[in-house]
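Residues take their numbers from the sequence shown, with the count starting at 1. As the structure lists them, so they are numbered: ligands from 1, and atoms in each ligand from 1.
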Amino acid sequence: MYQENDLEKIDIHAEPPIEEPARQYYFMAKCRKWVKGFEQRNGRLPKSCVLNFGCQMNARDSEKLRGILREMGYAEASEEQADFIIFNTCTVRENANTRVYGRLGQLKPQKKKNPHMMIGLCGCMMQEPEVVEKLKKSYRFVDIIFGTHNIFKFAELVATRLESDRTVIEDTDQIVEDLPNERKYTFKSGINIMFGCNNFCSYCIVPYVRGRERSRDPKAIVREIEKLVADGVSEVMLLGQNVNSYGKTLDTPMTFAQLLREIEKIEGLHRIRFMTSHPKDLSDELIEVMADSKKICKHLHLPVQSGSTNILTKMNRKYTKEQYLNLVEKIRRAVPDISLTTDIIVGFPGETEEDFEETLDVVRKVRYDSAFTFIYSKRTGTPAAVMEDQIPEDVIKNRFDRLLKEVQAIAAETCAVHEGTVKEALVEDICDHDSEMVTGRLSNNLLVHFRGGKELIGTYVDVELSECRGFYYIGAMR
Ligand code: 5AD
Ligand code: SF4
């Protein structure tokens, strides 16, 4: 394992090492030399800003980028102040792409004014060849382009860019362990347990941009969590596109439930979360581990996507409405106080009013604690994009509004059920709107705001949930 001050000892005039992560530390040392030169010439450190557009996996990647920038010596700054701006992009829905092009357009004048300015683009959108082609042609002021598979190579790409004036574009595929990262919170952290997805849901671009499923070595995962715990972390979020199929591709296969059992043993670790779960792979063994565990949080994110078996088949989800509802019943029987959340897509090609009613029916039967609702977005290259019967916008909008109303009303009711109870909260932050209040996260993933000071941040406290405000609580410390 590398220590921070090891960078000073690296001979940057020697040839770069071939093996990883030594190679990346070599390039970090090289960039650090450049940063020092910048400081001498300009009387200040260069400033960087990593902007995250995507999901929890992206947020975790952004922490890695910030960690590498910190090692290089960059100071952090806002987008307006930064000399090096990195957009960590998402491409799950088309409007995410449109937003990035818009933001890039706005950056062009900023880059003209600031001679030091560099722009880096990474994340899922950069795994799309058409996007890279478009950027090469119409956005030539971008300095570095790299996909999700190459986050680990960031230092090398920056060093290469600093030595030439050409856009650096990278696309390879490897998992590299033991690189630095800059965590947003000192007491909780995301951990990638796997990358990619093999499910090919017919609407989804993720398997094309994130590649095939690769699980990390369980020993490396446990080692990483042990180190985090020694560093003050007490809550971890295990991340993967479909954590329920963890371990299938390992040399010695193991199940996600077995991995959880190993993580449960880590002393000093207080809470374990994970996402996302695919209903088709959620095993009885996992339900059993969740029921037994003292550390796994009482929350399961279980995307349903649609309530209609007909649409689910077209989506290639590999479960029926009944199978999903039976699964929910089984989970609730084993873990009665579990909070369930979901993802739902409205307006998938061919969705009839009856199909949509089935979705509403599932929402009413499951009574989710919250749900992310999405308007279907056509992604070129996916099977759904060429399906007949794309739904008109006004019909989708109408269904979307009805769904949202239903979801919100039910969420408010399920939230109110816990009013008056006392629950344990991990204090995360001072409230934005009141500096004498703090925000804590409950095991079921809901937030509670209560009177308290910053000394509570990172600690667990018992809080009475006095009043439900729809999707969070106002409480008081007990
Ligand atoms: N259109 C709309 N929503 C989508 N999702 C994935 N692909 C699409 C798409 N093409 C949603 C799914 C998934 C969540 C992360 O994003 O609901 O669970
Ligand atoms: Fe996309 Fe389906 Fe994989 Fe989730 S499981 S990332 S929705 S293909």
Side-chain angles (χ1 to χ4, degrees), residues 52-61 89-99 123-125 127-128 148-149 190 192-215 237 239-246 248-249 256 274-282 300-308 311-319 324 340-351 355-356 359 362-363 366 368 370-387 390-391 393 396-397 399-400 403-404 407:
N52 194 60
F53 287 89
C55 62
Q56 302 243 12
M57 306 273 276
N58 263 30
R60 179 70 186 137
D61 285 344
T89 62
C90 170
T91 189
V92 170
R93 283 165 291 275
E94 179 67 33
N95 57 6
N97 289 29
T98 317
R99 240 175 48 211
C124 289
M125 194 175 152
Q127 298 286 151
E128 288 180 88
T148 47
H149 302 169
N192 300 109
I193 63 165
M194 59 203 296
F195 301 93
C197 180
N198 286 355
N199 292 309
F200 291 94
C201 300
S202 63
Y203 50 81
C204 186
I205 201 162
V206 169
Y208 305 91
V209 294
R210 289 221 170 225
R212 293 293 65 69
E213 202 172 278
R214 286 125 25 238
S215 293
M237 166 75 94
L239 297 168
Q241 241 72 46
N242 174 14
V243 291
N244 302 89
S245 66
Y246 172 81
K248 286 186 183 155
T249 54
F256 179 52
F274 53 84
M275 75 187 300
T276 293
S277 288
H278 194 309
K280 79 176 165 61
D281 294 314
L282 201 143
L300 186 65
H301 185 64
L302 194 63
V304 66
Q305 311 297 4
S306 167
S308 149
I311 295 295
L312 287 169
T313 310
K314 288 192 183 162
M315 285 178 163
N316 193 29
R317 290 292 288 177
K318 303 197 171 74
Y319 54 85
Y324 184 90
L340 289 174
T341 57
T342 200
D343 293 342
I344 301 170
I345 297 175
V346 181
F348 184 84
E351 183 189 74
D355 291 321
F356 177 67
T359 299
V362 168
V363 167
V366 177
Y368 294 105
S370 81
F372 296 102
T373 49
F374 303 108
I375 285 180
Y376 167 71
S377 166
K378 186 168 159 178
R379 308 304 287 118
T380 309
T382 62
V386 289
M387 283 182 190
Q390 303 277 333
I391 311 293
E393 242 176 70
I396 299 189
K397 182 78 181 55
R399 288 182 191 160
F400 184 82
L403 175 67
L404 196 64
V407 160

How far is [atom] from its nearest protein heavy atom, and which residue and atom name does that atom have?
atom                    : answer
atom 7 (S) of ligand 2  : Tyr203 OH, 3.4 Å
atom 11 (C) of ligand 1 : Arg93 NH1, 3.3 Å
atom 6 (C) of ligand 1  : Val92 CG1, 3.2 Å
atom 9 (C) of ligand 1  : Ser377 O, 3.6 Å

With sequence neighbours left out, what residues match Ile311 under side-chain contact (heavy atoms from CB on, under 4.5 Å)?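 side-chain contact (heavy atoms from CB on, under 4.5 Å) check on Ile311 returns Ser306, Ser308, Met315, Phe348, Glu351, Asp355.
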
[Y] side chain reached by [X] side chain, heavy atoms, under 4.5 Å:
X      : Y      : answer
Asn244 : Lys280 : no
Thr91  : Gln127 : no
Thr342 : Ile344 : yes
Pro279 : Arg317 : yes
Thr359 : Arg399 : no
Cys201 : Gln305 : no

Please list, in number order, the atoms of ligand 1 under 4.0 Å from a heavy atom of Gln305.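 Numbered from 1, ligand 1 contributes 12 (C), 13 (C), 17 (O), 18 (O).
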
Can you sort out which atoms of ligand 1 are near Ile345, meaning under 4.0 Å from one of its heavy atoms?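 Selected atoms, number and element: 3 (N), 4 (C), 5 (N), 12 (C), 17 (O).
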
Is there at least one pair of N or O atoms, one from Tyr376 and one from ligand 1, spaced under 3.5 Å apart?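 No, Tyr376 has no N/O under 3.5 Å of an N/O on ligand 1.
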
Is Arg379 in polar range of ligand 1, meaning some N or O pair under 3.5 Å apart?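 In this structure, Arg379 places no N or O atom under 3.5 Å from an N or O of ligand 1.
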
Against ligand 1, does Ile375 come closer than 4.0 Å with any heavy atom?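 Right, Ile375 reaches ligand 1.
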
Examine Arg93 relative to Phe374 and say whether NZ or CZ is less than 6.0 Å from the centre of the six-membered ring and inside a 45° cone about the ring axis.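 Here Arg93 passes the 6.0 Å and 45° test against Phe374.
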
Taking 2.8 Å as the upper limit, name the protein N, O or S atoms near atom 3 (Fe) of ligand 2.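 As for protein N, O or S atoms lying under 2.8 Å from atom 3 (Fe) of ligand 2, they are Cys197 SG.
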
I'd like to check which ligand 2 atoms, numbered from 1 as shown, lie under 4.0 Å from a non-hydrogen atom of Arg317.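 Once the distances to Arg317 are compared, the set is 2 (Fe).
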
Donor + acceptor pair across side chains of Ser202, Asn316 (<3.5 Å):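 No.
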
Assess the side chains of Lys248 and Asn198: does a donor N or O sit below 3.5 Å from an acceptor N or O?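 Result is no, nothing qualifies.
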
Between His278 and Tyr319, how do the two ring planes meet: parallel, tilted or perpendicular, split at 30° and 60°?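 Perpendicular.
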
Nearest non-hydrogen partners of His149 and Arg210, listed with the distance: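 Of all heavy-atom pairs spanning His149 and Arg210, the closest is NE2-O, 3.1 Å.
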
Have a look at Thr382, Asp343, Asn95 and point out the one with the heavy atom closest to atom 15 (C) of ligand 1.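 That would be Asp343.
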
Specify side chain, backbone, both or neither for Phe374, according to which of its non-hydrogen atoms lie closer than 4.0 Å to ligand 1.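 Side chain only; the backbone of Phe374 stays clear of ligand 1.
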
